[in-house]
Amino acid sequence: MSSHEPKIGNALADAAQKRTTAPDVHDHDHDEHEHTFDRWEAARIVFVGLAAIAVWFRLWEPFATVSVIGVAGVLVGGWPIFREAAENIFAQRMTMELSMSIALIAAAAIGEFFTALIITLFVLIAEVLEGMTVTRGRTAIRDLLDFLPRSATVRRGGSIAEVDASELVVDDAILVNPGGRVPVDGVVLSGHSFLDQSRITGESMPVEATAGAPVYAGSINQSGALEIRAERLGRDTSYGKIIEAVEQSERSRAPVQRLADQLAGYLVYFALAAAVVTWLMTRDMRSTISVIIVAGACGIAAGTPLAILGAIGRAARLGAIIKGGLYLETLGRVDTVVVDKTGTLTFGRPEVQHVFPVEGIKPEEVLEAAATAEIRSEHPLGQAIVTYAKAQGLTIAEPDHFDYTPGRGIAATLANAMLLVGNRALMTDHHVDVPASLTERLVAASEVYVARNGQLLGAIAVADTVRPEARAAVDALAALGLRTILLTGDSQPVAKNVADHLGIAEYEADLLPEDKHRKVAALVAAGRIVSMLGDGINDAPALTAASVGVAMGSGTDVARESADMVLLGNDLSRFVDTLVIARRTRNIIWFNFGGTIVVDVIGVVLASLGLLNPLAAAFIHVASEMAFILNSARLLPPIDRQRPATHPPVALLEH
Ligand SMILES: Nc1ncnc2c1ncn2[C@@H]1O[C@H](COP(=O)(O)OP(=O)(O)OP(=O)(O)O)[C@@H](O)[C@H]1O
Ligand SMILES: [Zn+2]
């Protein structure tokens with residue numbers, strides 16, 4: 001009956017607080033409190049049931065005009081409804097409790113105590129069922145919170161100790177046994193094993209972990225013992241971010257949720273107005289009561305937040321962190337997908353293919369100059385050059401100063417030399433001429449020119465590999481009827497090569513970060529709902545301009561912060577999966593809106609014509625609401641079989 005949505009919020013707030021203050025103390029009081037509450041609820045239902053039987057058989061009727069048991073039953077059974085109705089009047093909100101109270105009082109007033117009691121019974125039972133469904137949603141979240149281990153085995157100063165997870169610090173050496181769960185983000189110090197990271201990246205294949213490999217909190221160690229060094233703890237881990245996103249989505253109400261509450265309010269007004277008309281036309285109190293009772297709206301009031309929570313939780317399981325219900329909603333309406341190339345369609349791990357020096361320069365000179373400028377670079381191209389130079393056995397000097405222009409490249413100084421490494425635009429900026437004959441040699445490779453003191457030294461051909469899963473993802477986007485556009489800072493031939501390879505019809509190359517931003521903003525201004533996927537610093541402005549900006553997980557922090565959604569793995573097909581979830585959520589919510597209106601209108605019409613008695617009306621109300629809430633509940637992630645045994649399964653039914 002009532003909107004249960006605030007209860008979800010409380011649970012999350014509770015859980016969030018537990019996590020920040022004492023992450024590993026399990027809150028049993030809370031469960032117990034709810035447990036006793038439940039007993040009262042059960043007692044109330046039994047009492048109302050017995051009262052209904054007594055009234056039906058006229059067991060004890062000391063007065064001719066009023067049924068004592070009937071009055072008592074309605075007062076006791078209806079108490080939660082009356083109380084909420086009173087609260088709603090004070091808050092000046094139109095809710096079902098209010099109309100239900102009116103109907104109950106009216107039924108009692110005309111001596112229909114049996115009817116009033118059965119309606120009360122329906123309402124109370126529906127409340128319990130609804131509460132159980134919402135609890136399932138809450139459990140799904142608590143599940144997430146409970147998943148990190150509460151204690152860890154640490155090696156400190158030569159001895160090994162079991163410590164509470166809250167006492168871990170960065171750089172601790174943590175031992176994880178086979179079958180154990182990784183408590184922090186970090187790197188493997190020693191050992192060899194396979195890790196199930198499906199919780200964090202959605203990737204179901206176990207990944208191999210050897211010394212130096214990154215590990216993530218929330219992954220399960222499958223085979224060998226591992227020793228890992230902690231790098232990020234608690235809230236800062238990828239897993240912590242997942243939880244935070246789900247919590248945040250709870251706090252920020254999606255616009256569709258507001259719409260649901262409004263619609264629920266209108267339906268109550270509609271039912272009350274129809275009741276007045278019915279009374280005036282027919283003077284039939286039973287029909288009038290039926291009209292008030294038949295219209296239910298909790299299917300949308302409680303079902304909408306439940307659907308959003310379920311969808312965000314489900315997406316989180318895939319490794320897609322949506323930073324709020326608003327973005328989930330927008331994602332369901334996206335019609336245009338803009339992608340960058342590096343890191344999104346390609347691995348973002350390019351390799352040097354060839355070095356082309358100009359006449360009179362040795363290849364090593366080109367490489368050495370480039371590697372010096374790039375040694376501190378975060379850009380994949382820079383890292384490729386440094387790796388290659390090291391593999392060639394070159395010694396790389398530290399530049400005295402370096403300056404990175406996103407979308408162009410790097411200018412660095414070393415002793416008296418001024419080094420430039422970047423694309424044609426960067427060279428033009430510094431009045432360095434690049435002959436076309438050199439450019440022609442860079443077939444389908446990124447343009448990296450190298451100059452020293454205004455003198456071109458040569459070019460380095462660097463090429464990236466297209467992700468195998470990108471093709472299927474691009475096809476899937478097309479199948480969903482989406483327009484896909486590739487925007488890249490890379491050169492025209494590279495862009496064309498990748499676009500052709502993946503079957504992307506629209507692409508633009510040689511774009512600066514501000515160009516990408518402008519293109520995305522123009523699409524949005526033209527009324528398109530745009531999702532932009534990117535990973536680099538050069539994508540950050542465009543991410544903020546998009547309706548839903550999506551950062552790829554392995555990308556830069558800047559991108560992750562600018563984004564409305566983060567894909568923890570770098571798999572584009574997870575984005576497609578998330579889009580499908582978002583669309584499904586939207587469909588379910590709108591189906592519930594439409595369904596509720598249809599059922600309520602038909603019900604009210606039938607009731608006003610005298611075709612529904614109050615009991616049938618109450619049944620329709622409760623049954624239709626439950627149907628719509630269960631429809632929303634389909635979005636909840638499946639109950640996790642791998643969760644630790646801190647919650648026995650029966651706890652599910654107790655709340
Ligand atoms: N650190 C760098 N070293 C050398 N060249 C660079 C560097 N940064 C940028 N460039 C040049 O500028 C171009 C554009 O770079 P930018 O980072 O905008 O895009 P990208 O990584 O090539 O592709 P995408 O836009 O798809 O991510 C690169 O292709 C390269 O030619
Ligand atoms: Zn209801």
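One-based numbering along the sequence shown. Whatever order the structure lists them in is the order used to number ligands and atoms, beginning at 1. Below, all heavy atoms of this structure are taken into account, side chains as well, without hydrogens, waters or symmetry copies.
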Undergrad: With heavy atoms only and a cut-off of under 4.0 Å, state how E374 meets ligand 1: side chain, backbone, both or neither.
TA: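 For E374, only side-chain atoms sit under 4.0 Å from ligand 1.
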Undergrad: Within the structure, does S491 bring an N/O atom to less than 3.5 angstrom of an N/O atom in ligand 1?
TA: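 By distance alone, the answer is no.
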Undergrad: Using modelled atom types only, decide if a donor and an acceptor are shared between the side chain of R452 and the backbone of L419 within a distance under 3.5 Å.
TA: no
Undergrad: At under 4.0 Å between heavy atoms, is it the side chain or the backbone of I410 that contacts ligand 1, or both, or neither?
TA: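 Side chain only; the backbone of I410 stays clear of ligand 1.
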Undergrad: What part of N538 sits under 4.0 Å from ligand 1 if we count only heavy atoms: the side chain, the backbone, both or neither?
TA: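 Within the 4.0 Å criterion, N538 contacts ligand 1 through side-chain atoms alone.
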Undergrad: Any donor and acceptor pair, going by atom type alone, linking the side chain of S223 with main-chain N or O of F194 inside 3.5 Å?
TA: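 Checking the backbone N and O of F194 against the side chain of S223, a donor-acceptor pair under 3.5 Å is found.
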Undergrad: Output yes when R229 and D172 qualify as a salt bridge under the 4.0 Å nitrogen-oxygen rule, no when they do not.
TA: no
Undergrad: Decide whether an N or O pair under 3.5 Å exists between G489 and ligand 1.
TA: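 Indeed, backbone or side chain, G489 has an N or O that close.
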Undergrad: How far is atom 23 (O) of ligand 1 from its nearest protein heavy atom, and which residue and atom is that?
TA: T342 OG1, 2.9 Å
Undergrad: Whether D539 and K516 form a salt bridge (side-chain N of Lys/Arg under 4.0 Å from carboxylate O of Asp/Glu) is what I want to check.
TA: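 Salt bridge present between K516 and D539.
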Undergrad: So is P406 in contact with ligand 1, going by heavy-atom distances below 4.0 Å?
TA: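 It does not; every heavy atom stays at 4.0 Å or beyond.
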Undergrad: Using the rule side chain to side chain donor-acceptor pair (under 3.5 Å), only one of T488, D464, D490 pairs with K341; which is it?
TA: D490
Undergrad: Please report the shortest heavy-atom distance between P468 and F347, naming the atom on each side.
TA: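 Scanning both residues, the minimum pair turns out to be CD-CZ, 3.5 Å.
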Undergrad: Among all protein heavy atoms in this structure, tell me which lies nearest to atom 17 (O) of ligand 1, with the distance rounded to 0.1 Å.
TA: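 Checking every protein heavy atom, the shortest distance to atom 17 (O) of ligand 1 gives H379 NE2, 2.7 Å.
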Undergrad: Any idea which protein heavy atom is nearest atom 5 (N) of ligand 1, and the distance to it?
TA: G422 CA, 3.5 Å
Undergrad: Between D515 and K519 (salt bridge meaning N to carboxylate O under 4.0 Å), is one present in this structure?
TA: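 Salt bridge: no.
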Undergrad: Under 3.5 Å between any N/O of G407 and any N/O of ligand 1: does that happen in this structure?
TA: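 Yes; at least one N/O pair falls below 3.5 Å.
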Undergrad: What part of K341, side chain, backbone, both or neither, has a heavy atom within less than 4.0 angstrom of ligand 1?
TA: both
Undergrad: Any idea which part of L381 is under 4.0 Å from ligand 1, heavy-atom wise: side chain, backbone, both or neither?
TA: side chain
Undergrad: Does a donor on one side chain and an acceptor on the other come within less than 3.5 Å for T237 and R232?
TA: no
